[in-house]
*Asks:* 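Before we start, here is the structure in question, set down as structure tokens.
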Amino acid sequence: LTPAALERYLAHPTSLLLAPTATMAEHLRHQLARAGHAVRPKSIQTFAAFLDEQAPMRAAPAALTHWLLERALARQQPVRFRAVAEFPGFLRQLAGLFDLAPAERFPADVAGLFQDVKNELDRRGYAPRHARLAAAAQRLQREPLGVPVVLDGFFKLATAETALVEALARSGEVTLTLPEWPGAEPTLKRLRAAGWRQQRVAETPRAPVTVVRAPNMEREVAEVARRILEAAARGLEFRQMAVVVRSRDPYGPLVESTLARFGIPFRSYFTETLDTHPAIQFRAGLVRAALAGWDHEVLLRALRLPASGWGGTEAGDALDFELRRGLPRSGWPHTAGLEAQSRQAPADWAARLRALRDWAPPLVVEDGAGWERVRAWRSTALAERGWEAAVDFAAEVLGDSGPVRLGEFWKHVERVLALEPLRVPDQRRNVVHLLDAYEVRQWSLPLVFVVGMTERHFPQYHREDPIVGDAVLRRAGLDTAEDREREERFLFTLAITRASEQTILSYPQYDERGQETLPSFFLPEQAPELASVAVRPAPRAMPEPAIPHLDVTAWLAGRHAALSASAVESYLQCPFQFFVKKTLGLIERPKAPRDRLDVRTQGDIMHAALAAWVERPETGARAFDEAFEKFCRDCQISASYRVEAVRLEMLRSFEQFTRDRSVVLREWTRRLEEPFDFTLSAGLRLRGTLDRLEIGPDGEALVIDYKYSAKDKLGKRLAAAESGEAVQAGVYLLAAHHHLRLRVAGFLFCHVKKEVAWGGWHRIPDLAAVGERRTAEGLAELAEQARQAVLQAHQEILGGRWEVRPADEQKCGWCEARDVCRVETLARVREAGA
Ligand code: SF4
């Protein structure tokens with residue numbers, strides 16, 4: 001509070017102190033209470049609350065103004081706005097102008113819209129802000145307030161606000177504090193002309209400014225957290241520190257999550273809207289699912305939210321998987337009375353939407369809960385009230401319009417949810433303040449951080465008003481782009497003059513896309529610049545494990561007593577991948593129908609088709625068609641352009657294979673899909689299935705494995721098998737020998753995508769044109785190499801070696817464990833020389 005303003009306010013017990021925002025009013029009450037001044041809380045209020053008391057007309061809810069503007073646009077259809085009339089951003093901009101000045105100050109097309117909306121508001125007892133200010137000023141002329149008034153924390157006044165202040169001054173003593181900057185000059189000039197006395201107050205000395213440079217936004221904010229903790233360790237209270245951002249986005253959420261991670265209590269002064277609350281998102285998700293014909297994906301998005309009571313629970317995961325597997329055909333049995341195509345009276349829709357509260361678990365408040373839980377309960381209770389109000393608003397707006405569809409009703413509810421603020425009371429005292437550059441103007445604290453000091457973030461650059469242009473705004477006495485740009489410099493001055501001990505400005509060198517940023521031109525050249533320090537929050541104490549003592553070694557030995565060649569190869573590719581898939585047995589969430597015809601499914605289809613055709617070549621392409629149709633039926637893959645494109649490509653590959661005569665062994669018999677299961681060593685069995693086994697007249701065996709892969713991948717596959725990085729060929733040779741008791745004659749891979757390519761090792765003279773010749777010893781060596789690799793991998797698995805160690809990083813792109821392994825940090829670890 002400005003000392004001169006405080007003096008005037010305290011000089012008279014009936015004084016009224018007006019602040020620009022609710023948080024500032026609250027801050028002033030606390031500040032005065034801490035300084036030992038006994039004041040009536042009601043004697044400090046916001047300018048908006050004062051206006052509510054003085055103006056005969058009410059402030060219109062934002063959703064009502066938006067809806068009336070939308071209706072006026074639909075009725076009048078101004079040519080200039082036809083292309084953009086539907087855009088929410090356009091309506092927001094228009095609604096902002098509507099509140100600022102009377103219709104006649106704007107071009108004819110805009111004035112026509114504003115007049116229409118004003119008439120509608122008049123009918124309902126509402127008015128735009130400029131009209132309420134004018135009406136309040138007139139009323140104060142007639143009915144003087146009769147008490148001294150102090151206005152503090154404003155940095156400029158609009159023309160209509162100045163008129164109200166002048167009206168106040170006609171009936172009593174008024175003190176207005178304004179900072180010295182060009183934006184305040186019009187107000188000062190007008191008040192001086194009206195006979196006001198101007199008094200200059202001495203400037204408070206500026207605290208030293210330091211600049212901190214960090215590699216990226218995350219490190220920048222972590223540096224702020226580190227310095228806050230350091231200051232707290234030196235004895236500064238959290239409430240004596242503030243983090244200032246130019247605007248909520250993009251820094252607000254990052255600062256919140258970082259301070260929470262470092263265990264720093266903070267209070268954020270940003271206002272959220274109702275639609276950001278999880279309880280609202282859950283209900284809105286149900287309505288959107290209904291509007292989409294109970295589309296499962298939309299529904300599942302809602303059900304996965306913790307607010308549903310299902311999200312994050314085992315039962316919720318099971319339900320999610322079950323519904324996903326049933327996509328797209330099986331239905332969701334509950335429709336909550338939300339049949340999107342039926343027409344209902346608005347009051348009926350309101351009742352049905354209100355009843356959605358029964359879909360979420362009831363709010364149960366318990367004793368001994370921490371602040372975070374209390375805050376969650378409070379915000380949920382407020383969000384639920386906000387939902388009811390939004391539903392009532394929609395019912396009121398559509399009251400006499402007769403039966404409507406759900407979509408029409410929902411449009412109005414959704415608009416309220418997007419516009420109405422959700423303010424959760426927070427009375428904690430010792431917290432770091434997270435503020436924007438406007439909110440910080442009335443604060444004075446020992447330590448202030450201003451983050452995000454890069455061009456386009458602070459300062460921001462403003463464009464000319466796209467609807468009416470700056471010339472119109474200037475004539476109407478409203479702010480233009482030039483005024484707002486001048487304001488940026490002033491906001492920065494405000495931010496760096498709030499600290500009494502130190503101001504720390506910081507900026508990231510690189511943005512989220514890794515591109516270099518341009519440091520803000522506002523950064524003072526003479527301020528010392530430091531680099532940030534890499535820091536992590538201290539690990540929190542882990543709770544005692546809830547699982548009773550487990551003999552891990554015995555458990556692992558039992559779990560991995562049998563392995564397949566692909567499981568061993570998964571381990572060789574990356575131990576962590578094996579751990580996630582095979583040891584923990586995590587299952588990937590069933591795919592959405594459009595993603596089901598993936599590489600793996602295509603491979604399965606091709607295997608089934610080839611097996612059927614090799615057994616009965618006379619079936620021709622029918623073998624492929626039947627396999628493709630069966631998989632599509634079983635996996636519920638619906639016909640689409642993409643499915644047809646994939647089918648045609650696979651069919652071409654299949655037909656290539658049926659024409660291929662590279663491996664034809666007369667007098668040999670054939671077995672297809674031959675299972676095997678044999679003991680490799682004490683404690684380990686190997687099992688799997690051979691795609692195709694050709695058995696010669698002397699009991700020799702050629703193993704063939706199909707891959708739905710392109711020809712150019714074959715060389716890499718063969719090299720991996722030769723080097724022991726892949727074990728499938730060797731394991732299959734071992735299977736033919738140990739399990740099937742056959743004499744091994746060779747192993748061949750057959751790649752069948754787009755063209756047919758054979759590769760491998762054998763000792764069959766008739767196949768001289770295919771693969772590589774190998775003696776029996778050579779084949780035994782291949783098998784032995786695989787045996788050793790499998791035993792080594794098994795030993796490591798039982799020993800608990802599960803590190804993130806991808807042999808081929810290119811394969812990480814389609815690994816199911818990529819979201820949990822944090823492979824992206826490996827590069828940084830390597831860089832650090834670890
Ligand atoms: S994504 Fe790569 S590093 Fe991560 S688990 Fe999979 S294979 Fe291993």
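In listed order, ligands and their atoms are each counted from 1. Just the heavy atoms: all of them, side chains too, but no hydrogens, waters or symmetry mates, feed the values below.
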*Asks:* So does D317 pair up with R304, basic N to acidic O under 4.0 Å?
*Replies:* no
*Asks:* Any atoms of ligand 1 less than 4.0 Å from a non-hydrogen atom of P806? List them with their elements.
*Replies:* 2 (Fe), 3 (S)
*Asks:* Measure up the F678 and H738 rings against each other and bin them: parallel (under 30°), tilted (30 to 60°), perpendicular (over 60°).
*Replies:* parallel
*Asks:* Step through the shown structure and confirm whether more than 12 heavy atoms of other residues, nucleotides or ligands are within 6.0 Å of CZ on R375.
*Replies:* no
*Asks:* Going by the order shown, which atoms of ligand 1 are within less than 4.0 Å of some heavy atom of R818?
*Replies:* 1 (S)
*Asks:* Are any of the heavy atoms in K811 under 4.0 Å away from ligand 1?
*Replies:* no
*Asks:* Near C815, which atoms of ligand 1 are under 4.0 Å from a heavy atom of that residue?
*Replies:* 1 (S), 5 (S), 6 (Fe), 7 (S)
*Asks:* Measuring to atom 6 (Fe) of ligand 1, does C821 have an N/O/S atom at a distance below 2.8 Å?
*Replies:* no
*Asks:* Please determine if E322 and R325 form a salt bridge, counting it only when a charged side-chain N lies under 4.0 Å from a carboxylate O.
*Replies:* no
*Asks:* Taking N, O or S atoms only and a limit of 2.8 Å, check whether C574 reaches atom 8 (Fe) of ligand 1.
*Replies:* yes
*Asks:* Within a distance under 4.0 Å of any heavy atom of Q573, pick out the atoms of ligand 1 and give their elements.
*Replies:* 7 (S)
*Asks:* Give a yes or no on whether the backbone of R596 and the side-chain of T601 come within a donor-acceptor separation of less than 3.5 Å.
*Replies:* yes
*Asks:* What atoms in ligand 1 come closer than 4.0 Å to a heavy atom of V804?
*Replies:* 3 (S)
*Asks:* Take a 6.0 Å sphere around CD of Q515 and say whether it holds more than 12 heavy atoms from other residues, nucleotides or ligands.
*Replies:* yes
